[in-house]
Amino acid sequence: MITFAIICLWEETNMKLNKIITRGAFAIAAASTLAVMPVTAQAKDWRGWNIHVEDYPVSHGMEAFMEEVTEKTGGEIKGKVFHAGVLGSQPDAIEQLRLGIMDFGVFSLGPMGQAVPATNVVSLPFVFKSVPQMYELMDGEPGAALGEALEEKGIVPLGYYDAGARSFYNSVKPINTPEDVQGMKVRVMNNDLFVGMIESMGGNATPMAFAEVYQSIKTGVVDGAENNPPSYESTSHFEVAKYYSLTQHLIIPECLCMSKKTFDGLTPEQQEIVKTAGKNSTDLQRKLWGEREAASMKIIMDGGVEVNEIADKSAFQEAMVPVYEKYLAANPEMTDLVNLFRNAD
Ligand code: BDP
């Protein structure tokens with residue numbers, strides 16, 4: 001944490017210094033050349049938030065996005081992607097994005113649900129039937145409805161990245177039935193829905209930042225967590241939680257998002273460039289995701305993890321019924337949206 005704080009402080013100080021130097025240079029340049037030369041607009045300098053390590057499909061997608069925007073705007077827009085969560089936690093970064101302090105980022109719609117409640121629909125367990133169906137729905141009308149909800153909260157979605165399906169892992173035993181979760185201490189992402197999900201199987205849920213999970217499993221603060229293969233592998237969680245049970249209970253897309261404040265400050269031409277770059281980076285990320293999932297599974301298996309498939313997931317689906325009931329009772333206005341996703345073919 002201290003290292004993170006120092007890095008953040010260093011970045012802030014650097015940015016302030018840069019601004020002072022740039023402003024000073026501009027003032028001198030303007031004073032001496034105003035009569036002879038047109039003053040060129042100052043290049044925009046974006047900050048991009050990313051929770052993942054540099055070598056990760058999300059990270060490559062974000063870098064490609066920034067590169068394309070810089071190239072196609074002829075350098076009018078520049079920026080830097082800050083990987084590994086050095087710019088702070090996901091919930092904080094979402095708030096900063098809304099305020100325009102952060103310009104863009106890739107966010108899981110899981111934690112997004114606390115800021116933009118409509119996106120909770122995709123955090124309901126088993127709401128998508130498969131990853132291909134998730135693509136289809138997110139790229140179609142249901143995804144557009146979520147897009148409007150995001151915009152109302154100051155966030156412009158540029159594309160939905162793939163984050164596969166999340167499954168449970170722990171250091172105690174394989175999970176084959178919902179009863180196996182009874183009494184287990186399971187870390188979840190920051191969203192009340194996930195707490196309800198674990199409790200519906202009789203487990204104890206602990207919402208916790210992504211960065212703290214490794215140590216918490218290692219020291220027994222929690223027994224396990226749940227995630228997709230690339231995150232389970234890239235964080236080394238597989239080294240401390242040797243049972244990976246393929247429940248695939250959550251398929252949560254991730255959003256390449258921009259701050260509406262930043263987006264609204266662009267010219268129409270720049271906005272088009274940004275949208276196209278967003279689409280291209282989404283295509284790239286989805287392609288890279290498939291490759292990384294296979295590579296991660298291999299690393300996990302080679303690392304001695306006991307992986308168990310769950311061919312019939314109906315017991316888990318039934319255990320999740322109370323999650324839907326509780327959610328819809330508390331948020332009746334979400335019924336149509338939930339049905340739009342849940343009843344899709
Ligand atoms: C990963 C998501 C990331 C989440 C993380 C988590 O890509 O956005 O923060 O899971 O579990 O799969 O916190």
Side-chain angles (χ1 to χ4, degrees), residues 4 48-62 81-97 102 104-116 119-120 122-123 125 128 131 134 138 155 157 159-170 185-195 197-198 205-217 222 224-238 240-241 244 246-257 281-282 285-286 288-290 292-293 295-297 300:
F4 282 176
W49 180 91
N50 177 26
I51 204 163
H52 292 289
V53 289
E54 223 168 310
D55 181 17
Y56 197 86
V58 166
S59 319
H60 298 308
M62 290 183 75
V81 183
F82 291 84
H83 302 290
V86 292
L87 292 186
S89 77
Q90 185 143 208
D92 287 350
I94 290 171
E95 284 316 306
Q96 293 185 358
L97 189 81
M102 200 77 72
F104 69 110
V106 171
F107 302 94
S108 164
L109 292 188
M112 185 64 88
Q114 301 292 87
V116 187
T119 61
N120 273 328
V122 295
S123 290
F128 293 112
V131 171
M134 179 277 284
M138 292 309 291
I155 297 172
Y160 294 104
Y161 281 12
D162 195 346
R166 298 173 75 101
S167 294
F168 290 108
Y169 49 85
N170 71 85
K185 291 175 284 178
V186 185
R187 175 270 174 176
V188 291
M189 286 190 283
N190 183 43
N191 186 324
D192 300 339
L193 265 176
F194 304 138
V195 174
M197 176 180 84
I198 301 300
T206 309
M208 186 187 285
F210 193 39
E212 287 164 28
V213 184
Y214 178 88
Q215 206 53 27
S216 299
I217 298 177
V222 292
E226 43 88 56
N227 223 316
N228 50 51
S231 279
Y232 176 48
E233 171 262 305
S234 67
T235 52
S236 300
H237 292 178
F238 73 98
V240 287
Y244 194 32
L246 303 183
T247 45
Q248 301 180 324
H249 52 278
L250 288 171
I251 295 176
I252 306 181
E254 305 198 347
C255 173
L256 169 64
C257 291
S281 100
T282 303
Q285 192 275 347
R286 289 179 180 184
L288 295 177
W289 183 262
R292 179 61 177 258
E293 252 186 349
S296 294
M297 280 310 285
I300 291 163

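Indexing begins at 1, ligand by ligand and atom by atom, following the structure's order.
When the ring-ring contact (aromatic ring centres under 6.0 Å, His included) test is applied to F107, the partners found at least two apart in sequence or on another chain are W49. For Y56, the ring-ring contact (aromatic ring centres under 6.0 Å, His included) partners at least two apart in sequence or on another chain are H52. Residues satisfying the side-chain contact (heavy atoms from CB on, under 4.5 Å) criterion with H83, sequence neighbours excluded, are N50, E54, S59, E63, V81.
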Using ring-ring contact (aromatic ring centres under 6.0 Å, His included), reason through Y244 and Y232 one step at a time and then give a plain yes or no.
CA-CA 9 Å; Y244 194 32; Y232 176 48; 4.3 Å; yes
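Contact residues of ligand 1 (protein heavy atom closer than 4.0 angstrom to a ligand atom; sorted by chain and number): I51, H52, Q90, S108, R166, R187, M189, F210, N227, N228, S231, E254.
Salt-bridge check for R292 with E233: passed, with a basic side-chain N closer than 4.0 Å to an acidic carboxylate O.
Of all heavy-atom pairs spanning F104 and L256, the tightest one is CD1-CD1, 4.4 Å.
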